[in-house]
Every structure is written in C-alpha cells, then in structure tokens.
Amino acid sequence: MFIRAYLRASTQEQNAGRAKESLIQFAKQHNQRIATFYVENISGATLQRPELMRLIDDSSNGDIVLVEQIDRLARLKQHDWEVLKNKLAAKRLSIVSPELPTSWLALEKKDNTGFTDSILLAVNAMMLDMLAAVARKDYDDRRRRQSQGIDKARLEGKYLGRQKDMKKRQHIASLLTTGHSYSDIQDILNCSRHLIASVAKELRQKADV
C-alpha cells in the first residue's frame, strides 16, 4: 500500500505545498509514511488537472490518496465528480483526509474481511459525496458573492481589478538580486515558483532597458 499525497491551490500566487508538513505529521501519527507528493496550482472547479491524473495513472490497486481537505479534490460539478470517483474506484484508491475521521481506517491494518471493507467503503463514499457537495456549494456561493461585489464596485466606479501583491514582489526581487534560488525564496516567503518567475522576468526586462 502506497500513500500518495495530493496538494492543490487555486491560483498561481498561492503555495500548493503549504500543507505538505502537516500531511507528513498526520501520516506519522498513524505510523505511516507518504511515498510521494503531487503538487499543482489549479482551480478545484476543473477536472483538467495534470498532476491529479498522473497520480491516478501512477497508482496501483489499493493505494491511498491523502489530501489536506476534501475540497482539494472535489469542488467539481456533479458530472465531473462522478467521472473522478469512477477513475479512483477503477483502481480501488482510498481517499484519506485529516478532516474526515471515517477515512482514517484506511491507514490501519485491514482485517481482510470483505464485509468489513465493504461497509467502510460505503460509509466513506457517502461522507465523500456529502463533503463534495458542500465544497461545490461553497465554491459557487463565493463566486456569486465575488461577482456581486465586483458589479457593485463597478457601478460605484471603485473596481480596479485584481491587484498585485507589490510588497511580496519587492521581497522576491530583493532575494533574487542577492542570489537566492527559487527554492530558497519559496521556503522564505511561502509563494509559488510561477510568481518568482514572473518577478524574475520583470527584473530581466528592466535590466535590458
């Protein structure tokens, strides 16, 4: 049984690897070790996730997919959620999350009785469906409130669009100019490589002027 951790954040300026250490500690508490990590910055509302698909392709029957929260997987529309569930079920992959205690039993030694396994799978599947529905509703509600807020700001002439985090970008620029690596900067500032590359590009453009 391999444990494969899936880490996802919604935008390029968030750090998908933020939860890595907490998942490592969670696995240790259950006397387990994470074999490998799959990390990507992409919206949870889409099924087009290369790293998640690679995780499923890499997995063997009975492996475990460990996620920080169920919404790392399941902010999908119902049809896409069913597609993902079928992909996971085809390899009998178990979803485990610290927020879902019924899933923790997958980390314990099984008693190899088909009846017990079937009951646990059924209970966990029901809980996953419920949490997936909640995650999608939360996503839709936040999108609706955001849209309403933008519409209101536009009517009042206050909408400026999404603003860059200039303070963080200045910190990144300072670290780049003093020779720090991308990995160092990620650890120091808890930011994405995409953001660091964007700042590095700006610095190169300024140098060429």
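Here, residue 1 is the first one in the sequence, and each next residue gets the next number. Note that these values count all heavy atoms, side chains included, but never hydrogens, waters or copies made by symmetry.
The salt bridge (Lys or Arg N to Asp or Glu O under 4.0 Å) pairs that include a residue from residues 41-53 are Glu51-Arg54, where partners are two or more places apart or lie in different chains.
Contact record, Asn61 with Ala90: OD1-O, 4.1 Å, taken as the closest heavy-atom pair. Minimum heavy-atom separation, Ser22 to Ala19: OG-O, 2.8 Å. The minimum heavy-atom distance between Ala5 and Ile34, with the atom names listed, is CB-CG2, 3.8 Å. Considering all non-hydrogen atoms of both residues, Thr46 and Ile42 come closest at CG2-CG1, 4.1 Å. In terms of heavy atoms, Leu189 sits closest to Lys168 at O-NZ, 3.7 Å.
Between Pro98 and Leu23 the shortest side-chain heavy-atom distance falls below 4.5 Å. In this structure the side chain of Tyr6 reaches within 4.5 angstrom of the side chain of Leu73, judged on heavy atoms. Side-chain contact between Ile24 and Phe37 is present, with heavy atoms from C-beta onward closer than 4.5 Å.
Thr177 contributes a side-chain N or O that, together with a main-chain N or O of Ala173, makes up a donor-acceptor pair within less than 3.5 Å. Looking at Glu99, its side chain does come within 3.5 Å of a backbone N or O of Ile70 through a donor-acceptor pair. Checked by atom type and distance alone, the side chain of Arg72 pairs as donor or acceptor with a backbone atom of Arg8 at under 3.5 Å. Under a 3.5 Å cut-off, the side chain of Lys91 and the backbone N or O of Ile56 do form a donor-acceptor pair. Judged by distance alone, with hydrogens and angles left aside, the side-chain atoms of Ser97 form a donor-acceptor pair with the main-chain N or O of Glu68 at under 3.5 Å. The backbone N or O of His194 sits nowhere less than 3.5 Å from a side-chain atom of Ser198 that would complete a donor-acceptor pair.
By the side chain to side chain donor-acceptor pair (under 3.5 Å) test, Ser181 is found to be paired with Asp184, residues two or more places apart in sequence or in another chain being considered. For Tyr182, the side-chain contact (heavy atoms from CB on, under 4.5 Å) test picks out Leu176, Arg193, Ile196, Ala197, Ala200, with sequence neighbours left out. By the side chain to side chain donor-acceptor pair (under 3.5 Å) test, Gln25 pairs with Glu21, sequence neighbours left out. Among residues two or more places apart in sequence or in another chain, the salt bridge (Lys or Arg N to Asp or Glu O under 4.0 Å) test is passed with Arg4 by Asp63. With sequence neighbours excluded, no residue forms a side-chain contact (heavy atoms from CB on, under 4.5 Å) with Ala89. His30 pairs by the ring pair (Phe, Tyr, Trp, His ring centres under 6.0 Å) definition with Phe26, Trp104, not counting sequence neighbours. Judged as a side chain to side chain donor-acceptor pair (under 3.5 Å), and not counting sequence neighbours, Thr36 has no contacts. Residues passing the side-chain contact (heavy atoms from CB on, under 4.5 Å) test with Leu47 are Met53, Leu76, Asp80, Val83, Leu84, sequence neighbours excluded.
The CD1 atom of Ile3 sits 5.0 Å away from atom CD1 of Ile64, with the distance rounded to the nearest 0.5 Å. Here the straight-line distance linking atom CG of Leu55 with atom CD of Glu40 works out to 9.5 Å at 0.5 Å rounding. Rounding to the nearest 0.5 Å places CD1 of Ile95 at 9.5 Å from CG of Leu66. We find the CD-NZ distance between Gln32 and Lys28 to be 13.5 Å, quoted to the nearest 0.5 Å. Interatomic distance, Leu195 CG to Gln186 CD, rounded to the nearest 0.5 Å: 10.0 Å. Considering OG of Ser59 and CZ of Phe2, their distance stands at 10.0 Å, rounded to 0.5 Å.
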### Task
Please assess Leu7 against Val67 for the test side-chain contact (heavy atoms from CB on, under 4.5 Å), listing each intermediate value before the final yes or no.
CA-CA 7 Å; Leu7 305 171; Val67 292; over 6 Å; no

#### Entry: CA sep, side-chain torsions, deciding dist, call: Ile185, Cys191, side-chain contact (heavy atoms from CB on, under 4.5 Å)
CA-CA 8 Å; Ile185 298 172; Cys191 60; 4.1 Å; yes

